[in-house]
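To keep things clear, I will list the structure first and then write my remarks on it.
Per chain, numbering begins at 1; letters A, B, ... match sequence-line order. These numbers come from a predicted model, not from an experiment.
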There are 2 protein chains.
Amino acid sequence: MASSTEPISTSPDLDLYAQKFKALADPKRLELLNLICRRGSVCVCDLVDEMAIPQSKLSYHLKILLNAELLHKENRGTWSYYSLNSKEMDRLLSNEICRVLSPSC
Amino acid sequence: MASSTEPISTSPDLDLYAQKFKALADPKRLELLNLICRRGSVCVCDLVDEMAIPQSKLSYHLKILLNAELLHKENRGTWSYYSLNSKEMDRLLSNEICRVLSPSC
DNA sequence: CTCCTTCATCAAATTATTTTGATTTATTAG
DNA sequence: CTAATAAATCAAAATAATTTGATGAAGGAG
């Protein structure tokens, strides 16, 4: 809706934040974020190798992080390259946590 | 494994962070944090009135937030007073998000 | 063209979380 | 003392998230 009578941005859209935190609410996905961050940009097949996780499972988790806008995705041919959305991570998390999740980024 | 040749504390306990984010991963709980923050210190019965939510449900969510150390709890007689653990919130979240979740705190 | 790789998606099975209503313990008030 | 209130906990039911293995679409390699 977002009608013109609604208070502008007084509603911080708790659902939207909840979605982002939900994406972060899993150790596997935190590990994934960390790995992607360290690699800069990685394709799924490399992640499968490094994480020792079935590909469909990986795609599932990547999608959750992507939907939460914590990742960027770029398609090159049949490959999909994922990278961290640092801007969004920074916007969300403290420096301390960013450093923990993304050391040397 | 965890052999002695492994780098110490390379794992910053992702499980622990995941737990905290899981606590934040629910719009009802974010609303709850916000309300508690604005009140400073509130007992469960007041929260039941303000949130229009069954008491057992509220206690369930409070427990999750407490376990994640996002809240403090103080018992006075039969009353339980909950308040925000601002230190932990600040440690975890960006200023922007802290402000959104805890306006005027 | 044919075969192979990459990756997303799907449906079913599994597992985890949440909701509900009842019960329980402790405390307070009359 | 007895009544009533505060809040935690419990078990069952309802929902939601995750895992798994299979399939399919699309592009690359020979």
Could you check how far [atom1] of [X] sits from [atom2] of [N], rounded to whole Å?
| X | N | atom1 | atom2 | value |
| --- | --- | --- | --- | --- |
| A:N67 | C:dT9 | CG | P | 9 Å |
| B:Y60 | D:dT15 | OH | P | 15 Å |
| B:L58 | D:dA6 | CG | C1' | 12 Å |
| A:K22 | C:dA16 | NZ | P | 16 Å |
| B:D49 | D:dA6 | CG | C1' | 12 Å |
| A:L47 | C:dC7 | CG | P | 9 Å |
| B:F21 | C:dA16 | CZ | P | 21 Å |
| B:N75 | D:dA7 | CG | C1' | 9 Å |

Tell me which nucleotide among [options] gets nearest to the side chain of [X].
| X | options | result |
| --- | --- | --- |
| B:I64 | C:dT18, D:dA7, C:dA8 | C:dT18 |
| A:Q55 | C:dT6, C:dA8, C:dA26 | C:dA8 |
| B:D26 | C:dT18, D:dA8, C:dC7 | C:dT18 |
| B:R29 | C:dT18, D:dA6, D:dT19 | C:dT18 |

Given B:L71, B:L101, B:I97, the one that forms side chain to side chain contact (heavy atoms under 4.5 Å, CB included) with B:M89: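 Of all the options given, the one that passes is B:L101.
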
For C:dT28, the Watson-Crick or wobble counterpart (both distances under 3.5 Å):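 Looking at the geometry, C:dT28 pairs with no nucleotide.
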
Identified pairing partner of D:dA25, criterion: Watson-Crick or G-U wobble below 3.5 Å: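 Matched D:dA25 with C:dT6 under the 3.5 Å cut-off.
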
Which part of the nucleic acid, if any, lies within contact of [X], taking any heavy atom under 4.0 Å across all strands shown: a base, the sugar-phosphate backbone alone, or nothing?
| X | result |
| --- | --- |
| A:L62 | nothing |
| A:S80 | sugar-phosphate |
| B:Y82 | sugar-phosphate |

Please state whether the phosphate of [N], meaning OP1 or OP2, lies under 4.0 angstrom from any side-chain nitrogen or oxygen of [X].
| X | N | answer |
| --- | --- | --- |
| B:K73 | D:dA8 | yes |
| A:K63 | C:dT9 | yes |
| B:K57 | C:dT18 | no |
| A:H61 | D:dT19 | yes |
| B:T78 | D:dA6 | no |

Treating [X] as the side-chain partner and [Y] as the backbone partner, does any N or O pair qualify as donor plus acceptor under 3.5 Å?
| X | Y | answer |
| --- | --- | --- |
| A:R29 | A:L62 | no |
| A:K73 | A:Y82 | no |
| B:N85 | B:E69 | yes |
| A:S94 | B:S94 | no |

Which residue lies more 5' along DNA chain D, comparing A:W79 with A:S56 via nearest heavy atoms: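 Upstream on the strand: A:S56.
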
4.5 Å side-chain heavy-atom contact, A:K28 and A:I53: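 Sidechains of A:I53 and A:K28: in contact.
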
